[in-house]
2 protein chains.
Amino acid sequence: MQPIKKVRLSDSVIDAIEAMIDAEQLKPGDKIFSEHELTRRLQVSRASVREAIRILEVTGRVTVKHGKGVYLADYSASRFEPFVAWLQNNEQSLNDSFELRLIIEPDIAALAAQRAEETDIDELNTAHKYFTTCAADANTTEIIKSDRNFHRLLAGASKNRALSMLMHSITTSLPGDWISSLHTPGRIKKTITEHGEVLKAVTHSDSNQARHCMHSHLTNAWADIRNFMHQHTTTVGEPTL
Amino acid sequence: MQPIKKVRLSDSVIDAIEAMIDAEQLKPGDKIFSEHELTRRLQVSRASVREAIRILEVTGRVTVKHGKGVYLADYSASRFEPFVAWLQNNEQSLNDSFELRLIIEPDIAALAAQRAEETDIDELNTAHKYFTTCAADANTTEIIKSDRNFHRLLAGASKNRALSMLMHSITTSLPGDWISSLHTPGRIKKTITEHGEVLKAVTHSDSNQARHCMHSHLTNAWADIRNFMHQHTTTVGEPTL
DNA sequence: AAGGATAACTTGTCAGACAATCAGTCATCT
DNA sequence: AGATGACTGATTGTCTGACAAGTTATCCTT
């Protein structure tokens with residue numbers, strides 16, 4: 001004999017909510033119906049709705065914000081929150097952030113070479129071209145932005161949402177020293193060629209080459225900064241930006 | 001400005017219940033306090049108690065039986081049911097985070113092998129021993145905590161604050177993959193030996209070996225999870241436990 | 001135009017009530 | 001005696017209405 005499975009109401013509500021998400025084509029970050037609206041539509045009490053939402057929350061499908069609403073889980077919100085907070089509140093040392101990027105980004109490039117789709121490569125191409133035109137204008141803030149954008153797009157092409165978000169976090173709050181890398185003489189031109197090589201490898205789906213190119217790109221940038229700083233820090237104390 | 005983290009009442013209730021379980025030395029299968037009793041003791045509404053219990057249920061810590069009561073989840077019973085469901089819903093993010101860890105942690109281990117000081121190694125040793133004792137008790141929450149702690153200490157030993165914070169963030173905000181890896185049968189024992197090998201390499205300042213050990217540790221854990229998931233999802237109908 | 005009070009909407013919590021389920025107890029019927 | 005069914009108490013499941021607390025946009029005052 002098969003015992004009859006009695007379904008808890010909140011479990012049915014979970015299914016209903018997921019069906020709604022599916023039907024409405026909601027994407028991560030979108031707001032879903034309010035608890036009140038759900039009670040009205042599903043004709044169940046708010047307690048049951050809340051229990052369902054609580055479950056959806058702990059299983060990571062939605063995030064609940066007091067006073068605002070319930071949102072489809074967004075990686076950016078939950079995952080690296082404490083890390084981002086730390087990045088914003090602490091001036092990192094140049095070495096630390098370089099070491100971190102040197103660990104992550106070559107592998108990102110390798111993954112991107114394996115997984116990038118046509119649209120990704122198109123976007124990377126336009127971003128690269130835009131960087132080149134910016135370099136001609138010598139508009140430094142725009143140059144920094146477009147450099148950032150290139151690295152982010154690459155992370156996106158890795159098709160790993162965690163990596164993508166992580167790179168987004170890292171690039172939003174770069175240490176001042178890092179930004180200054182593009183101020184060192186000749187670095188912008190070098191960046192153009194180095195990005196170009198990475199992009200070429202990704203386009204050819206050459207994973208190892210992509211990893212290698214990104215590695216040397218970062219290593220070169222690091223070396224240029226160190227040289228630059230060394231020249232300009234004969235005075236004792238912190239290097240001035 | 002440090003934003004004050006407002007804790008949801010049900011979250012506090014969860015902690016309180018777990019503390020009670022700990023204080024009363026309850027074993028799997030034992031009955032815990034009824035909802036009414038919990039409202040009386042904790043002085044919160046039944047709704048909050050119920051939300052807490054619902055969370056404890058989906059995370060597999062307790063099982064609720066209508067008309068009877070709430071019981072500490074026992075190992076033999078269908079403990080894996082919520083876990084498998086979670087795996088299915090989070091397969092993508094599970095893969096993403098393992099890929100991320102597989103990129104970062106081997107290098108962290110390598111750096112730790114180069115830079116760890118005596119105090120770091122001492123801490124890692126005690127953490128490793130504590131994990132071993134926890135494993136004997138089969139206290140899953142504590143096991144997860146101590147596993148987490150080992151990985152964090154290792155990141156700390158890398159002497160790179162950005163990396164350390166990143167690992168801290170990953171281990172806190174992603175209970176999922178951590179919890180899941182230690183739920184698969186036999187994984188805890190394997191973790192003990194694998195952590196031991198990493199620790200040995202770090203102690204000997206063998207950077208390459210440390211990288212290699214961490215790499216296989218994560219690879220093995222990931223493979224175990226995939227096997228487990230595959231076993232429990234390929235059979236048609238209800239998987240027999 | 002700037003800034004502050006206000007109102008509307010949202011989630012968080014509470015209290016009390018009733019329904020549904022379970023496990024005994026006990027009287028009743030065969 | 002043994003099976004059956006009604007009753008009872010405990011426990012979880014659900015509902016309702018209310019208020020607290022956070023967020024946002026608007027309107028009003030200055």
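Per chain, numbering begins at 1; letters A, B, ... match sequence-line order.
- Closest to the B:Val64 side chain, of the nucleotides C:dT11, D:dG13, D:dC15, is D:dG13.
- By the 30° and 60° cut-offs, the orientation of the rings of B:Phe150 relative to B:His128 is tilted.
- Taking the nucleotide of DNA chain D with the nearest heavy atom to each of A:Ser10 and A:Gly67, the more 5' of the two is matched to A:Ser10.
- For B:Glu51 and C:dC14, the CD to P distance is 10 Å, given to the nearest whole Å.
- Distance B:Glu37 CD to D:dT12 P: 11 Å, rounded to the nearest Å.
- Taking 3.5 Å as the limit, the base of D:dG13 and the side chain of B:Arg46 contain a donor-acceptor pair of atoms between them.
- When the C1' atom of C:dT10 is taken as reference, atom CZ of A:Arg40 falls 16 Å away, rounded to whole Å.
- Side-chain nitrogen and oxygen atoms of A:Ser48 include at least one within less than 4.0 Å of the OP1 or OP2 phosphate oxygen of D:dC15.
- Between D:dT14 and A:Ser45, no contact under 4.0 Å exists linking OP1 or OP2 to a side-chain N or O.
- Counting non-hydrogen atoms of neighbouring residues, nucleotides and ligands closer than 6.0 angstrom, the NZ atom of B:Lys189 reaches no more than 12 such neighbours.
- Rounded to whole Å, the distance from CG on B:Leu42 to P on C:dT13 is 13 Å.
- The distance from atom NE2 of B:His36 to atom P of C:dC18 is 16 Å, rounded to the nearest whole Å.
- Look at B:Arg187 and B:Glu194 and you find a salt bridge, because one of the NZ, NE, NH1 or NH2 atoms lies within 4.0 Å of a carboxylate O, short of that distance.
- At least one side-chain nitrogen or oxygen of B:Arg54 sits closer than 4.0 Å to the OP1 or OP2 atom of D:dG13.
- Residue B:His66 places a side-chain atom within donor-acceptor reach of the base of D:dT12, judged by atom type and a 3.5 Å distance cut-off alone.
- A:Lys68 has a side-chain polar atom (N or O) that falls below the 4.0 Å cut-off from OP1 or OP2 of D:dT24.
- When rounded to the nearest whole Å, the span between CG of B:Asp11 and P of C:dG12 equals 10 Å.
- Spacing between atom CD1 of B:Ile53 and atom C1' of D:dT11 amounts to 11 Å, rounded to whole angstrom units.
- Expressed to the nearest 0.5 Å, how far NZ of A:Lys159 lies from CD of A:Glu117 amounts to 4.0 Å.
- Distances shorter than 4.0 Å separate some side-chain N or O of B:Arg50 from OP1 or OP2 on D:dG13.
- Put simply, CD on A:Gln43 is 16 Å from P on D:dT14, counting in whole angstrom units.
- For B:Arg8 and C:dT11, a side-chain-to-base donor-acceptor distance below 3.5 Å is absent, hydrogens and geometry of angles not being considered.
- Each of A:Ile14, A:Val62, A:Ile17, A:Val13 was scored for a side chain to side chain contact (heavy atoms under 4.5 Å, CB included) with A:Ile55, with one residue passing: A:Ile14.
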